[in-house]
Amino acid sequence: RTHARSMITYALGIGASTVHNTGDNYVLLATHPKGDAGVYPAGQRAVSLAMVPLSALAASTHFAVLRAGREMTNQLHKAWRFTLVGACYAVPAAIVLAIAAPVVPLVLGHEFDGTTNVIRLLAPVVVLRGLSVFPMNGLLGLGLSSLRTKLLLFNAFFSVSLYLALIPKYSWHGAAAATLISEVVSFIIAWVALSITQRRVDRLDSP
């Protein structure tokens, strides 16, 4: 029963992250089935490709966070260390991505000329989304998987609300704006939640 409950909690978090990360594509496709619905996902995939090393770093540090356990380490400090390491890649990667954006239409064809602007607008997502995973993992290290899932569910509902509000009227520009806003909110919430919970744990553990 305990394992089943943990599995459901973790699965809900994964599902919420998927909705948060890809919901803009579905709304754009439903409201603008031609033109922008092809250009925007192409730019988004280029951004996702730049995030692969960050995803690998997050996956490689995941077990270290869980193994440390609540009583053995400061998860806030650990999240900061992993974030600094990730930022050494994420910030230059976002800059290079924005500079190299015009190369994508040359590879895919002139019908994807708008991809350049999409990539440049979404380049900050590499930093925001790539680095918010570490405080989220820190909540797991504190044994707060349910709180982590609740935050991910909130992020999913918030981002979908933005997608539905902005994309029908502003097309891919609305999708990019909604994505950036939701990523900023997700980043802030993750760090605030870990900071508050870590302080509570420290107070409980202090003499």
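Values below: every heavy atom of this structure, side chains too, minus hydrogens, waters and symmetry copies. Count residues from 1 along the sequence.
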Please step through side chain to side chain contact (heavy atoms under 4.5 Å, CB included) for the pair Thr2 and Arg5, ending with a clear verdict.
CA-CA 5 Å; Thr2 300; Arg5 185 165 54 249; 3.9 Å; yes
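- The heavy-atom pair separating Leu152 from Ser17 by the smallest distance is CD2-OG, 3.7 Å.
- Of all heavy-atom pairs spanning Ile99 and Pro102, the tightest one is O-CD, 3.3 Å.
- Interatomic distance, Phe154 CZ to Ser159 OG, rounded to the nearest 0.5 Å: 9.5 Å.
- Pairing each heavy atom of Leu28 with each of Trp172, the nearest pair is CD1-N, 3.9 Å.
- Taking 4.5 Å as the limit, some side-chain heavy atom of Arg129 sits within range of a side-chain heavy atom of Thr179.
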Side chain to side chain contact (heavy atoms under 4.5 Å, CB included), that's the test. Do Val104 and Thr116 meet it? Break it down for me.
CA-CA 7 Å; Val104 176; Thr116 299; 5.9 Å; no
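- Here the closest non-hydrogen pair linking Ala190 and Met136 is CB-CE, 4.0 Å.
- Side-chain heavy atoms closer than 4.5 Å link hydrophobic residues (I, L, V, M, F, W, Y) into clusters, and following such links, possibly through other members, connects Ile181 to Val127.
- Among all heavy-atom pairs drawn from Ser145 and Leu140, the shortest one is CB-CD2, 3.6 Å.
- One finds the CZ atom of Arg45 at 13.0 Å from the CG atom of Leu122 (value rounded to the nearest 0.5 Å).
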Start with the C-alpha gap between Phe157 and Val19, add the side-chain angles, then the distance that decides, and say whether side chain to side chain contact (heavy atoms under 4.5 Å, CB included) holds.
CA-CA 9 Å; Phe157 283 117; Val19 172; over 6 Å; no
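- Results of the side-chain contact (heavy atoms from CB on, under 4.5 Å) test with Val201 over Leu142, Leu76, Ile196 single out Leu142 as the only residue that passes.
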Between Asn74 and Asp202, is the side chain to side chain contact (heavy atoms under 4.5 Å, CB included) condition met? List the steps.
CA-CA 8 Å; Asn74 186 303; Asp202 291 342; 3.8 Å; yes
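- Here the straight-line distance linking atom CG of Leu49 with atom CE of Met51 works out to 11.0 Å at 0.5 Å rounding.
- Leu139 and Leu153 end up in different hydrophobic clusters when Ile, Leu, Val, Met, Phe, Trp and Tyr side chains are linked at under 4.5 Å.
- A continuous path of ILVMFWY side-chain contacts below 4.5 Å connects Ile189 to Leu180, so both sit in one hydrophobic cluster.
- Partner of Phe82 under the side-chain contact (heavy atoms from CB on, under 4.5 Å) criterion, chosen from Leu131, Thr61, Val133: Thr61.
- Residues passing the salt bridge (Lys or Arg N to Asp or Glu O under 4.0 Å) test with Arg148: none are found, sequence neighbours excluded.
- One finds the CG atom of Leu121 at 12.5 Å from the CD atom of Gln44 (value rounded to the nearest 0.5 Å).
- Tested against Tyr40, the residues Asn25, Asn117, Asp24 include a single side-chain hydrogen bond (donor to acceptor under 3.5 Å, both in side chains) partner, Asp24.
- A donor-acceptor pair under 3.5 Å is absent between the side-chain atoms of Ser186 and the main chain of Ser182, judged by distance alone.
- Atom OG1 in Thr115 sits 12.0 Å away from atom CZ in Arg120 (nearest 0.5 Å).
- Without hydrogens or angle criteria, Gln198 side chain to Gln75 main chain gives a donor-acceptor distance under 3.5 Å.
- In this structure, Val184 is a member of the same hydrophobic cluster as Ile167, with clusters built from ILVMFWY side-chain heavy atoms closer than 4.5 Å.
- Across all non-hydrogen atoms, the minimal contact from Thr9 to Thr149 is O-OG1, 2.8 Å.
- Rounded to the nearest 0.5 angstrom, Leu12 CG and Lys150 NZ are separated by 12.0 Å.
- A 4.5 Å side-chain heavy-atom check between Trp191 and Thr83 finds at least one atom pair inside the cut-off.
- Cluster annotation: Phe158 is connected to Ile188 through the hydrophobic network of ILVMFWY side chains, with a link wherever side-chain heavy atoms come within less than 4.5 Å.
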